[in-house]
Amino acid sequence: MDGLESDFNLKVVLVSFKQCLNEKEEVLLDHYLAGWRGLVRFLNSLGAIFSFVSKDVTAKLQVMERLRSGPQREHYSSLQSMVAYEVGNQLVDLERRSRHPDSGCRTVLRLHRALRWLQLFLEGLRTSPEDARTAVLCTDSYNASLAAYHPWIIRRAVTVAFCTLPTRKVFLEAMNVGSPEQAVEMLGEALPFIERVYNVSQKLYAEHSLLDLP
């Protein structure tokens, strides 16, 4: 493991999601995107098995970074301001992906769904016994989140690939927070931050009928 990866610590990444929410419970996009960049590093450290997620997430992060640095960047400071701006100016494709295929609302929705999968999987790692099969944990988390949005051929390929996942101990050690027991303790402290960001985002999207954007 080189120096760039050896300083990685999943706790720092997960706790960074706490910074996503300001006092008004708005999701600050700079912190949200930074948190995701850290999660991609974690996924990539585990090998090519998660490339089906990390490559797509990286592409979505690039879309959002362009919006954050573009001429309308003031509207993309928070999830709430972005939704208000894009919905108010009809910049979201509600029926079919046509005029605005890379709207911020659509892009973040894909990140939002992937975050749910990762949250469920990490929670499964935290609460499972030492001999738990990571393939089962990951498949269950996938089926409860991302699978609903993937065609059958992708679902099949992904669940077959999960059979090659490393052991629970390897996952916990890859978090770089100490022993497996310390990693489990860290997840218990840090995962609620991701859950809170997810729940605030879910509520916002539901209120604007944006949860099923094409």
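Any value given below was found using the heavy atoms of this structure, including those in side chains, with hydrogens, waters and symmetry copies removed. Treat the numbers as computed from the prediction; the structure is a model and nothing was measured.
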Shortest non-hydrogen contact between [X] and [Y], atoms and distance:
X	Y	value
T134	F121	O-CE1, 4.0 Å
S81	S77	OG-OG, 3.5 Å
L125	S128	O-OG, 3.3 Å
C163	A135	CA-CB, 4.0 Å
H150	R155	O-NH1, 2.6 Å
L67	D102	CD1-O, 4.4 Å

*Relative to each other, are the rings of Y142 and F52 parallel, tilted or perpendicular (30° and 60° limits)?*
perpendicular
*Partners meeting ring-ring contact (aromatic ring centres under 6.0 Å, His included) with H31 (sequence neighbours left out)*: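 ring-ring contact (aromatic ring centres under 6.0 Å, His included) list for H31, sorted by chain: empty.
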I'd like to know if the side chain of [X] and the backbone of [Y] have a donor-acceptor N/O pair within less than 3.5 Å.
X	Y	result
N9	K11	yes
Q182	S179	yes
E86	G104	yes
N89	L91	no
R106	P214	yes
Y76	G70	no
S78	L28	no

Would you call [X] and [Y] a side-chain contact if the rule is heavy atoms closer than 4.5 Å?
X	Y	answer
F42	N176	no
L61	L111	yes
V184	R168	yes
V27	N22	no
V13	F8	yes
C105	Y205	yes
K169	D131	no
H112	L109	yes

Could you tell me the separation between the [atom1] atom of [X] and the [atom2] atom of [Y], rounded to the nearest 0.5 Å?
X	Y	atom1	atom2	result
S201	R196	OG	CZ	10.0 Å
M175	S45	CE	OG	9.5 Å
I194	E123	CD1	CD	11.0 Å
L165	L46	CG	CG	8.5 Å
L120	D140	CG	CG	10.0 Å
D212	E95	CG	CD	10.5 Å

*asked:* Let's go through E185 and R126 carefully: what are the C-alpha distance in whole Å and the side-chain angles of both, what is the deciding distance for salt bridge (charged side-chain N to carboxylate O under 4.0 Å, His left out) to 0.1 Å, and is it a yes or a no?
replied: CA-CA 8 Å; E185 182 179 352; R126 183 184 78 84; over 6 Å; no
*Are K60 and D56 ion-paired here, with the side-chain N under 4.0 Å from a carboxylate O?*
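A salt bridge is present here (some side-chain N lies under 4.0 Å from a carboxylate O).
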*Should D30 and R68 count as an ion pair when the cut-off is N to O under 4.0 Å?*
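A salt bridge is present here (some side-chain N lies under 4.0 Å from a carboxylate O).
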_Would V87 and L210 count as a side chain to side chain contact (heavy atoms under 4.5 Å, CB included) here? Give the steps._
CA-CA 10 Å; V87 171; L210 299 175; 4.1 Å; yes
*asked:* Q80 vs V200, test: side chain to side chain contact (heavy atoms under 4.5 Å, CB included). Steps then yes/no.
replied: CA-CA 10 Å; Q80 285 74 6; V200 169; 3.8 Å; yes
*Run the numbers on L39 and L14 for side chain to side chain contact (heavy atoms under 4.5 Å, CB included), then give the verdict.*
CA-CA 8 Å; L39 290 175; L14 297 184; 4.0 Å; yes
Are more than 12 heavy atoms from other residues, nucleotides or ligands located less than 6.0 Å from atom [atom1] of [X]?
X	atom1	result
Q90	CD	no
E74	CD	yes
E130	CD	no

Please check if [X] and [Y] belong to a single hydrophobic cluster, counting links between Ile, Leu, Val, Met, Phe, Trp and Tyr side chain heavy atoms closer than 4.5 Å.
X	Y	answer
L146	W36	yes
V158	V160	no
L43	L191	yes
I154	V57	yes
M64	L118	yes

*Passes salt bridge (charged side-chain N to carboxylate O under 4.0 Å, His left out), E65 versus R37? Steps please.*
CA-CA 11 Å; E65 284 157 4; R37 284 192 290 271; 2.5 Å; yes
*Test side-chain hydrogen bond (donor to acceptor under 3.5 Å, both in side chains) on S145 and R113 and set out the steps.*
CA-CA 7 Å; S145 55; R113 291 169 178 171; over 6 Å; no
*asked:* L79 vs M82, test: side chain to side chain contact (heavy atoms under 4.5 Å, CB included). Steps then yes/no.
replied: CA-CA 5 Å; L79 192 59; M82 179 190 78; 3.5 Å; yes
_If you take the centroid of each ring, where Trp contributes its six-membered ring, are W117 and F50 closer together than 6.0 Å?_
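Yes, the ring centres sit under 6.0 Å apart.
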*Tell me whether the centres of the aromatic rings in F193 and Y198 are closer together than 6.0 Å.*
no
